[in-house]
Amino acid sequence: MDTDRLKALVPHYIAMFLLVFLVLATVRAVVGDIGFWVELVIIAAVVFAYRPIVLQLGIGPSEWEE
């Protein structure tokens, strides 16, 4: 595995992980208890939206650019 590529991607995966917890905590604080399936949908939405948003903002790693 290329360590330079890994060093570029790890901060984004950590940020994505923390963002999932932040969004879930916010939703729970506003809405209250939500079910497992709703949480799973929220997690999927954050994970799939992170990459295009970061690339659009211009702060994504070059490995993600096509």
Side-chain angles (χ1 to χ4, degrees):
M1 172 147 278
D2 185 17
T3 58
D4 292 330
R5 182 175 184 212
L6 190 60
K7 287 178 186 177
L9 293 176
V10 165
H12 287 281
Y13 287 121
I14 292 171
M16 190 185 318
F17 184 75
L18 294 174
L19 186 61
V20 164
F21 282 109
L22 177 68
V23 169
L24 284 176
T26 304
V27 169
R28 287 181 190 142
V30 172
V31 177
D33 188 31
I34 56 176
F36 170 78
W37 295 108
V38 175
E39 286 184 0
L40 193 61
V41 168
I42 292 170
I43 291 168
V46 170
V47 168
F48 286 115
Y50 181 84
R51 182 176 172 172
I53 291 171
V54 168
L55 288 174
Q56 189 70 25
L57 292 173
I59 56 174
S62 60
E63 287 81 5
W64 283 353
E65 295 176 2
E66 297 176 333

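Any value given below was found using the heavy atoms of this structure, including those in side chains, with hydrogens, waters and symmetry copies removed. Throughout, numbering of the chain's residues begins at 1 and tracks the sequence. If you're wondering where the values come from, they're calculated on a predicted model, not measured in any experiment.
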Problem set entry | ring-ring contact (aromatic ring centres under 6.0 Å, His included) contacts in which one or both residues fall within residues 19-44, not counting sequence neighbours | F17-F21
Exercise. Are F48 and I53 joined in one hydrophobic group, where the rule is that I, L, V, M, F, W and Y side chains link up if heavy atoms are under 4.5 Å apart?
Worked result: no
For this session: State plainly whether one hydrophobic cluster holds both V27 and L40, where clusters connect Ile, Leu, Val, Met, Phe, Trp and Tyr through side-chain heavy atoms under 4.5 angstrom apart.
Result: no
For this session: Take the angle between the ring planes of W64 and Y50 and call it parallel below 30°, perpendicular above 60°, tilted in between.
Result: perpendicular
Exercise. H12 and G60: which non-hydrogen atoms are nearest, and at how many Å?
Worked result: CE1-CA, 4.1 Å
For this session: Is it possible for you to say whether I14 and L6 belong to one hydrophobic cluster, with membership spreading through side-chain heavy-atom contacts below 4.5 Å?
Result: yes
Exercise. Which heavy atom of L9 sits nearest a heavy atom of P61, and at what distance?
Worked result: CD2-CG, 3.6 Å
For this session: Could you state whether I59 and V47 fall into the same hydrophobic cluster, counting links through intermediate Ile, Leu, Val, Met, Phe, Trp or Tyr residues with side-chain heavy atoms under 4.5 angstrom apart?
Result: yes
Exercise. Do you reckon L22 sits in the same ILVMFWY cluster as V41, going by side-chain contacts under 4.5 Å, direct or chained?
Worked result: no
Exercise. So do V38 and V31 actually touch side chain to side chain, heavy atoms under 4.5 Å?
Worked result: no
For this session: Would you give the length of the straight line joining atom CG of L19 to atom CD1 of I43, rounded to the nearest 0.5 angstrom?
Result: 11.5 Å
For this session: Can you measure from CZ (R51) to CE (M16) and round to the nearest 0.5 angstrom?
Result: 9.0 Å
